Amino acid sequence: MPELPEVESIRRTLAPVLEGRVVLSCEIRHPRMIRYQRGDLRSRILGHRIERVRRAGKYLLAELDGERLWVTHLGMSGRVEVTEHLGEEGPHTRVVIGLDDGREFRLIDPRTFGFIQVLTPEEIGASGVGRLGPDALDALPPAAELERMLSRRRAAIKTVLLDQTVVAGVGNIYADEILHRAGISPVRQAGGLDDREVSRLRSSVGPVLREGLRWNGTSLEDRAYLLPDGRAGEFAAKLRVYGRQDQPCLTCGTPIRRLVIGGRSSFWCPQCQI
DNA sequence: ACCTCCCTGGCC
DNA sequence: GGCCAGGGAGGT
């Protein structure tokens, strides 16, 4: 499931390939992939040049000429491939965008939770990208501000970490890893954390995400997430709690527990995380 | 600030 | 044959 480290890994491989290219064709194989979108995506993207490939939270962004923003969200199971036009096409290829160098940007997404948009500047504010909080990797709010944001929340800290309007880019896997590093139980009320805990939480975000990025993200058994060139991310081997129910905590040996918080599986060590 | 919905491969 | 994974958006 592509979270910030996965999307950033993808962005780094894609940027040199996509920047400067012009979009020559756009084939939408599955209509659900185009949503939350006014106007016709095809006519909005055709003929436009990709100036720069960026990322915000879990969104992959391509700035086009004419002030348009091509937004790709990979959802749960989305994957990007850039290959030669004649390259063999796998199942679940949902959108194919042809480029002027003969290559194709292909969005593969079995569950179709991902989506593509092309937005005008006026549309960005009300869209998902426009409502993102500060980026978890490069714009984390100062401790005092973060504490103020959390203090007003009654929900579990795990739930608040997943709220993209608070901090953008943290998903289910990294939220658990961050909370473990910070020594905070995922069920704790966000507003009930003291300033030392908020400070520990804040200083755990960067190291966990950067470590994930260093290993090109987390490819699980299902290999739903792969880099654009087909390589797997290696961070799964480094996970300290996520997916490790009943296995000994790597810090203290206590069996890792699983519980569902806000509809999401959460893994934590009852000894290390208070 | 909460709940519901969408979707399909893989597993029991 | 039924259940599970879970991101974001939109509705209440």
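Throughout, protein chains are lettered first and strands after them, A, B, ... in sequence-line order, and every chain is numbered starting at 1. Please read all numbers here as calculations on a predicted model, not as lab measurements.
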Asks: Please state how far atom CZ in A:Phe113 lies from atom C1' in C:dA9, giving the value in whole angstrom units.
Replies: 12 Å
Asks: Walk me through it: do A:Phe105 and A:Trp70 pass the test ring pair (Phe, Tyr, Trp, His ring centres under 6.0 Å)?
Replies: CA-CA 12 Å; A:Phe105 172 103; A:Trp70 167 12; 4.8 Å; yes
Asks: OP1 or OP2 of B:dG9 versus the side-chain N and O atoms of A:His92: is any pair under 4.0 Å?
Replies: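 So the side-chain polar atoms of A:His92 do come within 4.0 Å of the phosphate oxygens OP1 or OP2 of B:dG9, strictly under.
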Asks: Within the structure provided, determine whether A:Ile97 and A:Ile45 are in side-chain contact (heavy-atom separation under 4.5 Å).
Replies: yes
Asks: If I take atom CZ in residue A:Arg35 and atom P in nucleotide C:dG8, what distance separates them, rounded to the nearest angstrom?
Replies: 11 Å
Asks: Starting at the 5' end of DNA chain C, which residue's closest nucleotide do you reach first, A:Gly128 or A:Asn172?
Replies: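 Mapping each residue to its closest nucleotide by heavy atoms, the 5'-most match is A:Asn172.
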Asks: Find which nucleotide of DNA chain B each of A:Arg264 and A:Asp222 is nearest to by heavy atoms, and output the residue with the more 5' nucleotide.
Replies: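 The 5'-side residue here is A:Arg264.
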Asks: Quick one: A:Arg32 CZ to C:dG10 P, roughly how many Å, whole number?
Replies: 12 Å
Asks: Hey, can you tell me if A:Phe115 and A:His73 have their rings parallel, tilted or perpendicular (30° and 60° cut-offs)?
Replies: parallel
Asks: Regarding A:Thr218 and A:Tyr174, is there a side-chain donor-to-acceptor distance under 3.5 Å anywhere?
Replies: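 A:Tyr174 and A:Thr218 do have a side-chain donor-acceptor pair below 3.5 Å.
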Asks: Among C:dG8, B:dA1, C:dG6, find the nucleotide with the atom closest to the side chain of A:Arg153.
Replies: B:dA1
Asks: With a centroid cutoff of 5.5 Å and a plane-angle limit of 30°, would you call A:Tyr36 stacked on C:dA9?
Replies: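 Check failed, A:Tyr36 does not stack on base of C:dA9.
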Asks: Any chance the side chains of A:Thr251 and A:Arg240 put a donor and an acceptor closer than 3.5 Å?
Replies: yes
Asks: Quick one: which of C:dG8, C:dG10, B:dC7 gets closest to the side chain of A:Tyr59?
Replies: C:dG8
Asks: Can you tell me if the side-chain N/O atoms of A:Arg258 get under 4.0 Å from OP1 or OP2 in C:dA5?
Replies: yes
Asks: Both A:Ser265 and A:Phe115 contact DNA chain C. Which one's nearest nucleotide lies toward the 5' end?
Replies: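 The answer here is A:Ser265.
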Asks: Measure from the ring center of A:Phe235 to the ring center of A:Tyr225 and say whether it is less than 6.0 Å.
Replies: no
Asks: Write down the distance between CZ (A:Arg38) and P (C:dA9), rounded to a whole number of angstrom.
Replies: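 Nearest whole value for this atom pair: 13 Å.
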Asks: Mind checking A:Arg131 for me? I need base, sugar-phosphate or nothing, with any heavy atom below 4.0 Å counting as a touch.
Replies: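 Result for A:Arg131 = sugar-phosphate.
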Asks: Provide, to the nearest angstrom, the distance between the CG atom belonging to A:Leu74 and the P atom belonging to B:dT8.
Replies: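 Interatomic distance, CG of A:Leu74 to P of B:dT8: 17 Å.
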Asks: Considering only C:dG8, C:dG6, B:dG9, which nucleotide approaches the side chain of A:Lys58 most closely?
Replies: C:dG8
Asks: Pick base, sugar-phosphate or nothing for A:Ala155, based on heavy-atom distances below 4.0 Å to the nucleic acid.
Replies: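 The residue A:Ala155 makes sugar-phosphate contact but no base contact.
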Asks: Between C1' on B:dT8 and CE on A:Met76, what's the gap in Å once rounded to a whole number?
Replies: 11 Å
Asks: For the pair made of CD in A:Glu221 and P in B:dG10, what is the distance, rounded to whole Å?
Replies: 12 Å
Asks: Just N and O in the side chain of A:Ser77: are any of them under 4.0 Å from OP1 or OP2 of C:dA5?
Replies: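 No.
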Asks: Is it the case that the base of C:dA5 and the side chain of A:Arg111 share a donor-acceptor contact (distance under 3.5 Å, atom types as modelled)?
Replies: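 Yes, the side chain and the base share a sub-3.5 Å donor-acceptor pair.
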Asks: What is the separation between atom OH on A:Tyr174 and atom C1' on C:dG7, rounded to the nearest whole Å?
Replies: 16 Å
